[in-house]
Novice: 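Quick one: the structure is below, questions incoming.
Each ligand, and each atom within it, is numbered from 1 in the order the structure gives.
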Amino acid sequence: MRLTWLGHACFLLAGSKTILIDPFIPEGSLPVEPDIVAVTHAHADHLGMTVRLKKKTVAINEVAKYLAAKGIPAEPMNIGGSITVDGVRFRMTPALHSSWIEDEGMGFYGGVAAGFVIEMDGTSIYHAGDTALFSDMQLIRDLYRPDVALLPIGGCFTMGPDEAMIAARYIGAPLVIPMHYGTFPAIRQDVEDFKRAVERTTSIRVAILSPGESIEVGAEGAGA
Ligand code: NI
Ligand code: MN
């Protein structure tokens, strides 16, 4: 599977299907039309261009209902559940965060925030969404054994590097890709320092991507 970071929390997974997670792209544009969009929660820096894309979209019930009302073919689910969409397995995980739908100056309840474990072509990717550290991340390891963990490290709105180090150990994925940092001043972090700290204290590898950069992960690639 080819994984591309498009900046902030937005990732493109390209395998037998093309999955776009949290389509807020701070700079640059979408390189390819996705088959499926997955949205962790309704904040604008995650919902992003979901409505404009008009693709099949996996989201928590409340967000899925909002999207369906906008004419989007939404696939509703909720935390702890799993669904298969076009052969791709989506498992919705908890996230310690909030969620709020903003629409034309109005705001309303967007359910709770979530994360995903997405399994495609034998490779399993955990996108934590926006979250604080929580000890049940160990259950995500025990249940789903993700090959790759995409973890927010920006602080302020999510966990920062110190908490994300513990998250990486709890989840146990051999490869961690940091996200949700550096997009704006409040979430500026030294990502190289995070990488050094994780790699010095664990056998986990941290891949720092630049927006637009891709790597092969899982069965076909060893994260090189
Ligand atoms: Ni958020
Ligand atoms: Mn966010």
Side-chain angles (χ1 to χ4, degrees), residues 3-13 19-28 30 34 37-53 57-67 72 74 76-79 90 92-118 125-134 136-137 140 148-164 167-168 171 176-191 194 208-212:
L3 179 153
T4 304
W5 186 43
L6 294 171
H8 203 56
C10 184
F11 287 85
L12 191 70
L13 309 179
I19 318 292
L20 183 65
I21 311 168
D22 283 358
F24 168 79
I25 303 176
E27 35 190 272
L30 192 57
V37 174
V39 177
T40 61
H41 64 294
H43 287 152
D45 61 320
H46 298 262
L47 197 61
M49 60 174 77
T50 300
V51 172
R52 258 185 295 138
L53 282 170
T57 302
V58 180
I60 203 160
N61 235 355
E62 290 80 358
V63 177
K65 283 206 170 79
Y66 165 76
L67 293 172
I72 311 300
M77 63 185 304
N78 214 318
I79 287 169
F90 292 85
M92 186 168 270
T93 63
L96 271 184
H97 191 68
S98 60
S99 182
W100 187 247
I101 298 169
E102 284 173 54
D103 192 343
E104 294 172 15
M106 304 254 291
F108 43 98
Y109 181 65
V112 296
F116 286 108
V117 176
I118 300 174
I125 310 287
Y126 170 49
H127 187 298
D130 279 359
T131 188
L133 173 67
F134 56 95
D136 280 355
M137 284 175 174
I140 294 169
V148 184
L150 314 176
L151 301 181
I153 67 154
C156 187
F157 302 106
T158 67
M159 58 187 175
D162 293 346
E163 296 83 12
I171 297 152
V176 164
I177 299 175
M179 63 167 176
H180 211 278
Y181 67 92
T183 321
F184 37 87
I187 59 171
R188 217 165 261 160
Q189 294 292 347
D190 186 338
V191 67
F194 171 73
I208 298 172
L209 302 183
S210 306

Novice: Does Gly154 offer a backbone N or O that forms a donor-acceptor pair with the side chain of Gln189 under 3.5 Å?
Specialist: yes
Novice: Look up atom NE2 in His180 and atom CG in Asp45, then write down how far apart they are to the nearest 0.5 Å.
Specialist: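 So the NE2 of His180 and the CG of Asp45 are separated by 4.5 Å.
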Novice: Give, for atom CG of Asp162 and atom CG of Leu133, the distance between the pair rounded to the nearest 0.5 Å.
Specialist: 10.5 Å
Novice: Using a cut-off of 2.8 Å, how many protein N, O or S atoms lie below it in distance from the Mn ion (ligand 2)?
Specialist: 4
Novice: Please give the atom name: the N, O or S atom of Asp130 nearest to the Ni ion (ligand 1).
Specialist: OD2
Novice: With rounding to the nearest 0.5 Å, note down the distance linking CG in Leu12 to CG in Leu30.
Specialist: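 Here the interatomic distance stands at 7.0 Å.
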Novice: With a cut-off of 2.8 Å, does His43 place any N/O/S atom under that distance from the Ni ion (ligand 1)?
Specialist: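 So His43 counts as coordinating the Ni ion (ligand 1), yes.
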Novice: How close do Ser99 and Gly110 get, counting heavy atoms only, and between which atoms?
Specialist: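 Taking Ser99 first and Gly110 second, the nearest heavy atoms are OG-O, 3.3 Å.
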Novice: Kindly confirm whether the Ni ion (ligand 1) is within less than 2.8 Å of some N/O/S atom in Asp45?
Specialist: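 Under 2.8 Å: Asp45 has no N, O or S contact with the Ni ion (ligand 1).
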Novice: Taking the six-membered ring for Trp and the single ring otherwise, decide whether the centroids of Tyr181 and Phe194 are under 6.0 Å apart.
Specialist: no
Novice: With no hydrogens and no angle check, is any side-chain donor or acceptor of His41 less than 3.5 Å from a backbone partner on Val63?
Specialist: no
Novice: Report, rounded to 10°, the angle at the Ni ion (ligand 1) between the two atoms NE2 (His41) and NE2 (His97).
Specialist: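 NE2 of His41, the Ni ion (ligand 1) and NE2 of His97 span an angle of about 100°.
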Novice: Just verifying a value: how many Å separate Leu13 CG and His127 NE2, rounded to the nearest 0.5 Å?
Specialist: 9.0 Å
